[in-house]
Amino acid sequence: MSLIESSSSSLLESSSSSSSSAHHRGDEGVRAHQHHHHRAPRVPRASRSKLRERHPDPFFTTPRTFNGSLRVHNPLFPVTEESYSAYAIMLLALTVFSAGIVGNLALMCIVWHSYSLKSTWHCALASLALWDFTVLFFCLPVVIFNELTKRRLMGDLSCRIVPYVEVTSLGVTTFTLCALSIDRFHAVTSVQARPPRVESCQSILAKLSVIWVGSLVLAAPELLLWRLEQRVSPRTGLPVDSCSQEPSVALPETLYSLVLTYSEARMWWRFGCFFCLPLLFTGACQLLTRHVADEKRPSSAAASASSSPKKQRWERQLTRTVVALASVYAVCSLPENAWNIVLASAGVEVGVATLALLALIGQFLLFVRAAATPVLLLCVSRSLGQAFMDCCCCCCDECLPPDSSSTSSSTNATAVSSSLSSPVQEEKLKIVSGTSPAEFFDKVKDAPVELIIGTPC
């Protein structure tokens, strides 16, 4: 009995173990079958590269927020009604920039390389051309970029530097006109004809430093007056930069009060110092010079015949130069001063957009004056125009073959030597250069070839 029970129990245990093992193997088979169905199929290498092209790296596709420093307004594309005015502004700015840069560089190079133009008169004109070049090269791109993109290059620094350079240029023009008027008075009222004499660099720099230092000092409050303001445009949602006349509260109390006083009187200060002073002084010098010249005119017909042609020709050249400079300065400065006085006197409320447009027109007139001044001087001044033509002829001779250039140079040398054979031409050269003809040509001969520009007469 016991034997039967033990055998049956062992049979039951073996069957249960076999059933459990079979059940366990069945579960493993099901899981393996499910894993086989859920496992991704193998992809060839060529297909992997295509998948990477379809799904790029998320680093480059994830949208990120910027702080607004790189977001600018582009009025040129897409083309809208605003684009036409933007293209017109760019075309006008490019024309003014090109003419001004070329004209001012030509004037400075002519005075620098020509020995016979080393005088205070011509160096003052070259100094004026230098500041006009600075205004066009540094201020014009900043103003145009701000007008088109509504952002400010160099931020707060440009808000301070651009007005400072512009006002300094006004001061240089003002004092240059006054200096030229005084020099013309001395030249015309002298007994003998006195063309500009060749002077030393120390003497010229001492006279020009007075003009430069005075202009820089008078424009110094502009560095403390302006500051940058930033806001968000409600129409486009882009940041907009603007410069406002508001001195910093971090300044010392005394300096802050002085800058605030300058801000309140800035319009009348610019009108009186940089508009009325040069024009009234130039006009008064013109009238006084004419009056003194009429009184000192020689009564003898022989003396008048000997000194009149040369002196009158030089007087006309000086008068044309000074009057041309004063005229172009008055034409370009009058509109801005006129509407500033009208708006201040009438008390009319003007919108922000209108004020910005008037400020842009005033700056454009300043740039036009800086570009037109050298072109006008090259057309009016006989000495500068002749030196410019000689410079162009020298450049053309360099482009010719060596035989033709050497032939032309030898021909010119023969012509100059033959023209100086008479005592009248030698005296004329001595008046212009301040030295004898032999000394003059020795200096020119020893100088480099590129410095031999201009004619001695």
Distance (rounded to the nearest 0.5 Å) between [X] [atom1] and [Y] [atom2]:
X	Y	atom1	atom2	answer
Leu360	Leu355	CG	CG	12.5 Å
Cys178	Leu277	SG	CG	5.0 Å
His122	Ile204	NE2	CD1	11.0 Å
Met154	Ile161	CE	CD1	8.0 Å
Trp121	Ser381	CH2	OG	8.0 Å
Trp268	Asn340	CH2	CG	9.5 Å

Where at least one partner belongs to residues 361-372, residue pairs that pass side chain to side chain donor-acceptor pair (under 3.5 Å), sequence neighbours excluded: Glu166-Gln363, Ser169-Arg369, Thr173-Arg369
Can you name the nearest heavy-atom pair linking [X] to [Y], along with the distance?
X	Y	answer
Pro247	Leu260	CG-CD1, 4.1 Å
Leu251	Leu255	CD2-CD2, 4.1 Å
Val380	Arg320	CG1-CB, 3.4 Å
Leu107	Leu125	CD2-O, 3.9 Å
Cys332	Leu365	O-CB, 3.5 Å
Ile110	Leu384	CD1-O, 4.2 Å

Does the side chain of [X] reach to within under 4.5 Å of the side chain of [Y], using non-hydrogen atoms?
X	Y	value
Leu177	Phe281	no
Pro239	Arg151	yes
Leu153	Pro141	no
Trp112	Leu117	no
Leu130	Val172	no
Arg227	Gln245	no

Residues which pass side chain to side chain contact (heavy atoms under 4.5 Å, CB included) with [X], listed by chain and number, not counting sequence neighbours:
X	answer
Trp269	Leu218, Tyr262, Cys273, Phe274
Ala124	Thr176, Leu180, Leu208
Ser257	none
Ala219	Tyr164, Val167, Thr168

Backbone N/O of [Y] and side chain of [X]: donor-acceptor pair under 3.5 Å:
X	Y	result
Ser181	Thr282	no
Asp183	Ala179	no
Ser209	Leu205	yes
Thr289	Cys285	yes
Ser215	Ile211	yes
Lys118	Ser114	yes
Asp241	Gln230	no
Asp132	Ser127	no
Asn146	Val142	no

Applying salt bridge (Lys or Arg N to Asp or Glu O under 4.0 Å), name anything that partners Arg152, two or more places apart in sequence or on another chain. none
I'd like to check the salt bridge (Lys or Arg N to Asp or Glu O under 4.0 Å) partners of Arg266; sequence neighbours left out, ordered by chain and number. Glu222
Sequence neighbours excluded - disulfide bond (SG atoms under 2.5 Å apart) pairs with any residue from residues 139-171: Cys159-Cys243
Verdict with reasoning, Thr319 to Arg184, per side chain to side chain donor-acceptor pair (under 3.5 Å): CA-CA 8 Å; Thr319 304; Arg184 178 185 176 274; 2.6 Å; yes
Is the number of heavy atoms from other residues, nucleotides or ligands under 6.0 Å of Arg290 CZ greater than 12? no
Chi angles and distances behind the side chain to side chain contact (heavy atoms under 4.5 Å, CB included) call for Val259, Ser263: CA-CA 6 Å; Val259 175; Ser263 176; 5.6 Å; no
Could you name each residue pair satisfying salt bridge (Lys or Arg N to Asp or Glu O under 4.0 Å) that touches residues 355-368, not counting sequence neighbours? none
Side chain to side chain contact (heavy atoms under 4.5 Å, CB included) for Leu140 and Val135? Distances and angles first, verdict last. CA-CA 7 Å; Leu140 180 59; Val135 169; over 6 Å; no
Using 30° and 60° as the class limits, which term best fits the ring planes of Phe275 and Phe271: parallel, tilted or perpendicular? parallel
What pairs of residues pass the ring pair (Phe, Tyr, Trp, His ring centres under 6.0 Å) test when at least one of them lies in residues 125-147, not counting sequence neighbours? Trp131-Trp212, Phe133-Phe137
Please table the atom pairs, donor to acceptor, closer than 3.5 Å between any side-chain atom in residues 90-97 and protein atoms at least two apart or in another chain.
unit_1 : atom_1 : unit_2 : atom_2 : d
Thr95  : OG1    : Leu91  : O      : 2.9

Regarding Arg231 and Glu229, does a basic nitrogen lie under 4.0 Å from an acidic carboxylate oxygen? no
Run Leu238 and Val232 through side chain to side chain contact (heavy atoms under 4.5 Å, CB included) and show every step you take. CA-CA 6 Å; Leu238 297 175; Val232 178; over 6 Å; no
Partner residues of Phe364 under the ring pair (Phe, Tyr, Trp, His ring centres under 6.0 Å) criterion, sequence neighbours left out: none
For side chain to side chain contact (heavy atoms under 4.5 Å, CB included), just list the numbers for Leu258 and Leu224, CA-CA rounded to whole Å, side-chain angles, deciding distance to a tenth of an Å, and then say yes or no. CA-CA 10 Å; Leu258 290 176; Leu224 306 176; over 6 Å; no
